[in-house]
Amino acid sequence: MKKFEYRIVSPTTYAKCLDMANSLLNKVSKYTQKSISKISPSDIIDYFENKFNILFVFFESEPTSTIKYNDIVLNFKYQTLNKDLVNRISGVTIPKNSRSVIMLNQTMPKPRVFFTILHELSHLYFHDMSNNKQIFASKFSGVYPDELMPYEDEANIIASLLFCSTPKLEMLLTRNYSFDKIKSITGMSIKGLHSRLLNYLNQRLRIE
């Protein structure tokens, strides 16, 4: 088992993830009629809700009639889960025959919810779930079995690339925007943008 927050992957792995993310961004671009630099996480979620049968289930440990993030998805419901599970899991993708259920911890801040959705959608789109047995769970601890690490690395990197595409990031950097302004424009968290910039500098510009 390994624990991680930010992991540097090999150039080969990053290039593979970049190609995967770009292939999806190109499809979303055609669907939305927007350039890739203008695509937002909401556009990507809209694309998936239009193309796939997905139910988003928001959860926390206490019964409530309030779904905090019902403005970011269309098809959703609420479920109460065990407190220990809520404290450990940020998101889960569960294949159920023709429908995929994506469960989301609604106690998280909105930027983290967006990232978790993009992470889970990356699993759904790129990782084989056709046998209806593979379940992917995003953990707060970052601890996964060794055999799942490649999938989690891919989902994390692809989600980051979807949240802020390379064309968008380079456009913002060439305008000499500050870290805080880029964070505000993209809607990313401090940790999320920090990881995105580290990957960009390390993998694209070869700056370590």
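If you chain together hydrophobic residues whose side chains sit under 4.5 Å apart, L74 and V57 never meet in one group. A single hydrophobic cluster is seen to contain both L85 and F59, as judged by linkage of ILVMFWY side chains at heavy-atom distances under 4.5 Å, directly or through other members.
At a threshold of 4.0 Å, the pair E62-K83 does not count as salt-bridged, since none of the basic side-chain nitrogens sits closer than that to a carboxylate oxygen. Contact check on D71 versus K110 returns a salt bridge, with a Lys/Arg side-chain nitrogen under 4.0 Å from an Asp/Glu carboxylate oxygen.
F126 approaches S23 most closely through the heavy-atom pair CE2-OG, 4.2 Å. L162 and A21 make their closest contact through CD2-O, 4.1 Å (heavy atoms, listed as atom of the first residue, atom of the second, distance). What you find for K77 and I67 is that their closest heavy atoms are C-CD1, 3.9 Å. Considering all non-hydrogen atoms of both residues, Y69 and P109 come closest at OH-C, 3.5 Å. The shortest non-hydrogen separation linking T66 to Q106 is O-NE2, 3.2 Å. For I36 against P167, the heavy-atom pair with the smallest separation is CG2-CG, 4.0 Å.
Distance CD1/I102 to CG/L104: 7.0 Å, rounded to 0.5 Å. The distance from atom CZ of F179 to atom CG of L197, rounded to the nearest 0.5 Å, is 6.0 Å. Here CG of L81 is found 10.0 Å from CD1 of I89. Values are rounded to the nearest 0.5 Å. Distance check, rounded to the nearest 0.5 Å: CG of N53 to CZ of R99 gives 5.0 Å. To the nearest 0.5 Å, atom CG of residue L173 and atom NZ of residue K168 are 13.0 Å apart. Atom CG of L121 is separated from atom OG1 of T93 by 7.5 Å, given to the nearest 0.5 angstrom.
The residue from T186, T166, L201, I157 that alone fulfils the side chain to side chain contact (heavy atoms under 4.5 Å, CB included) condition with R196 is T166.
One N or O on the side chain of N22 and one on the backbone of L18 form a donor-acceptor pair closer than 3.5 Å. Remark: side-chain polar atoms of S122 are paired, donor with acceptor, to backbone N or O of L118 under 3.5 angstrom. Between the S165 side chain and the L161 main chain, no donor and acceptor come within less than 3.5 Å of each other. In this structure a side-chain-to-backbone donor-acceptor pair under 3.5 Å is missing from E60 to T80. Between the side chain of N70 and the backbone N or O of F76, no donor-acceptor pair lies under 3.5 Å. T32 contributes a side-chain N or O that, together with a main-chain N or O of V28, makes up a donor-acceptor pair within less than 3.5 Å. Of the possible donor and acceptor atoms, none in the side chain of S195 sits under 3.5 Å from a partner among the backbone N and O of G192. Of the possible polar contacts, none joining the S29 side chain to the L25 backbone as a donor-acceptor pair under 3.5 Å is found.
Of the N and O atoms on the side chains of D43 and S40, at least one donor lies less than 3.5 Å from an acceptor on the other residue. For E154 and H127, the side-chain atoms include at least one donor-acceptor pair closer than 3.5 Å. Counting only N and O atoms by type, the side chains of N105 and T107 include a donor and acceptor under 3.5 Å apart. Counted by atom type alone, T12 and S10 present zero donor-acceptor pairs between their side chains at under 3.5 Å.
Between Y31 and Y47, the ring center distance clears the sub-6.0 Å criterion. F48 has its ring centre less than 6.0 Å from the ring centre of Y125.
Contact annotation: the side chain of E120 never approaches that of V92 to less than 4.5 Å [non-hydrogen atoms, C-beta and beyond]. With a 4.5 Å cut-off on side-chain heavy atoms, V101 and M103 count as touching. Considering only heavy atoms from C-beta on, Y151 comes within 4.5 Å of H123 through its side chain. The side-chain heavy atoms of R204 and Y14, taken from C-beta on, include a pair separated by under 4.5 Å.
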Kindly determine whether N75 and I54 satisfy side chain to side chain contact (heavy atoms under 4.5 Å, CB included), including the steps that lead there. CA-CA 7 Å; N75 192 21; I54 302 172; over 6 Å; no
Residue pair M188, C164: steps toward the side chain to side chain contact (heavy atoms under 4.5 Å, CB included) verdict: CA-CA 8 Å; M188 301 183 82; C164 181; 3.7 Å; yes
Quick one: do S90 and F115 satisfy side chain to side chain contact (heavy atoms under 4.5 Å, CB included)? Show the steps, please. CA-CA 10 Å; S90 58; F115 182 85; over 6 Å; no
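Within a 6.0 Å sphere centred on NZ of K34, other residues, nucleotides and ligands contribute more than 12 heavy atoms. No more than 12 heavy-atom neighbours from other residues, nucleotides or ligands sit within 6.0 angstrom of CD1 on I190. More than 12 heavy atoms of other residues, nucleotides or ligands sit less than 6.0 Å from atom NZ of K183.
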